Amino acid sequence: MPAGSAFTVAIDGPAAAGKGTVSKEVARHFGFAHLDTGLLYRAVGRRVLDGEDALAAAQALRPEDLHRDGLRSPEVASAASEVAVRGDVRRALVAFQQGFARQEGGAVLDGRDIGTVICPGAEAKLYVTASDEVRARRRFIELQATGHDVTFDGVLADLKARDARDSGRTDAPLAMAPDAVLIDTSEMSIDEAVAASIAAVEARMTGER
Ligand code: CDP
């Protein structure tokens with residue numbers, strides 16, 4: 001990549017598909033900055049649970065809000081997907097995400113609407129997904145390991161409810177961009193998913209399709 005230029009990698013997909021790890025590793029591999037845009041919605045959801053108005057919370061969001069404890073809890077995930085249906089909340093978060101995406105030196109953003117709405121012109125787009133069962137199993141293990149009192153069935157039900165809300169909303173629904181590369185991680189180890197993602201981004205960099 002020529003010095004001083006921007007290159008955006010947009011990574012979208014449903015809950016617990018492995019976007020987080022894939023995005024972090026893709027960013028590390030290419031030396032790009034990384035933004036987990038789910039954290040923006042989780043931080044707004046957290047402030048709503050604390051009694052704030054969703055739009056006011058989105059407009060007042062500060063970088064330190066993304067580092068608050070407890071943002072990974074199932075309660076905050078649900079609150080995030082509830083605030084994420086609001087067009088005014090989403091619009092309040094657009095400029096920050098687009099500014100991040102076009103920074104010099106390259107950026108990876110992961111979320112639900114990055115390749116479709118936030119960065120439709122992204123140089124590389126991936127859609128990372130896996131079966132419902134596999135995603136629920138991964139999230140269940142992750143939540144258990146971080147001390148949350150959860151059951152597999154409960155996690156699966158939460159995940160399906162959130163996917164339905166994210167895919168069904170009118171404003172920026174979860175969807176695969178037509179020019180995205182599909183990475184189905186159901187049968188892949190994390191290393192395989194990362195390798196497939198890096199290869200897909202490299203192909204876009206060198207102009208292959
Ligand atoms: O980690 P996980 O995939 O479970 O969720 P997340 O990426 O942290 O996103 C939490 C919630 O924020 C999602 O269920 C969406 O409702 C919302 N979100 C969104 O609407 N748009 C984004 N670009 C990112 C997240």
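Note that ligands are numbered from 1 as they come in the structure, with each ligand's atoms numbered from 1 the same way. FYI, the numbering just counts along the sequence from 1. What's counted below: heavy atoms across the whole structure, side chains too, no hydrogens, waters or symmetry copies. These numbers were taken from a predicted model, which means no experiment stands behind them.
- When heavy-atom distances to ligand 1 are checked against a 4.0 Å cut-off, R165 has no atom that comes that close, whether in backbone or side chain.
- Proximity to A84 (heavy-atom distance under 4.0 Å) selects the following atoms of ligand 1: 16 (O), 17 (C), 20 (O).
- In the vicinity of R42, heavy-atom distances shorter than 4.0 Å reach the ligand 1 atoms 1 (O), 2 (P), 4 (O), 5 (O), 6 (P), 8 (O), 10 (C).
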Would D132 and R135 satisfy salt bridge (Lys or Arg N to Asp or Glu O under 4.0 Å), going step by step from the backbone distance to the final call?
-> CA-CA 5 Å; D132 292 359; R135 293 186 293 118; 2.9 Å; yes
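- Near K19, the atoms of ligand 1 lying under 4.0 angstrom from a non-hydrogen atom of the residue are 3 (O).
- Of all protein heavy atoms, the one lying nearest to atom 18 (N) of ligand 1 is Y41 CD1, 3.6 Å.
- Looking only at side-chain heavy atoms (C-beta outward), I118 and V94 come within less than 4.5 Å of each other.
- Contact annotation for R162 and ligand 1: only side-chain heavy atoms (C-beta onward) come within less than 4.0 Å of the ligand.
- Of all atoms in ligand 1, numbered sequentially from 1 with element shown, those under 4.0 Å from a heavy atom of T37 are 22 (C), 23 (N), 24 (C).
- Closest protein heavy atom to atom 7 (O) of ligand 1: R112 NH1, 3.1 Å.
- Around the CD atom of E64, the shell of radius 6.0 Å holds more than 12 heavy atoms that belong to other residues, nucleotides or ligands.
- In this structure, D171 does not pair ionically with R169, as no charged nitrogen and carboxylate oxygen lie closer than 4.0 Å.
- The distance criterion of under 3.5 Å between nitrogen or oxygen atoms is met by R90 with respect to ligand 1.
- Contact annotation for A15 and ligand 1: heavy atoms of both the backbone and the side chain come within less than 4.0 Å of the ligand.
- Against a heavy-atom cut-off of under 4.0 Å, S81 is close to the following atoms of ligand 1: 14 (O), 16 (O).
- Per-residue contacts place R169 under 4.0 angstrom from the following atoms of ligand 1 (heavy atoms of the residue considered): 16 (O), 19 (C), 20 (O), 21 (N).
- At a 3.5 angstrom cut-off on N or O pairs, D166 counts as close to ligand 1.
- Taking a cutoff of 4.0 Å between a charged side-chain nitrogen and a carboxylate oxygen, E82 and R42 do not qualify as a salt bridge.
- Checking only distances, A16 does come within under 3.5 Å of ligand 1, N or O to N or O.
- A salt bridge is absent between D53 and R47: the closest approach of a Lys/Arg side-chain nitrogen to an acidic carboxylate oxygen does not fall below 4.0 angstrom.
- If you check the side chains of R112 and Y41, you find no donor sitting under 3.5 Å from an acceptor.
- Residue contacts with ligand 1, taken as heavy atom pairs separated by less than 4.0 Å, do not involve E82 at all.
- Between V76 and L71, the closest heavy-atom pair is CG1-O, 3.5 Å.
- In summary, the side chains of R165 and S81 do present a donor paired with an acceptor at a separation below 3.5 Å, with no hydrogens or angles considered.
- In terms of the salt bridge (Lys or Arg N to Asp or Glu O under 4.0 Å) criterion, residue partners of D50 (sequence neighbours excluded) are, by chain and number, R46, R68.
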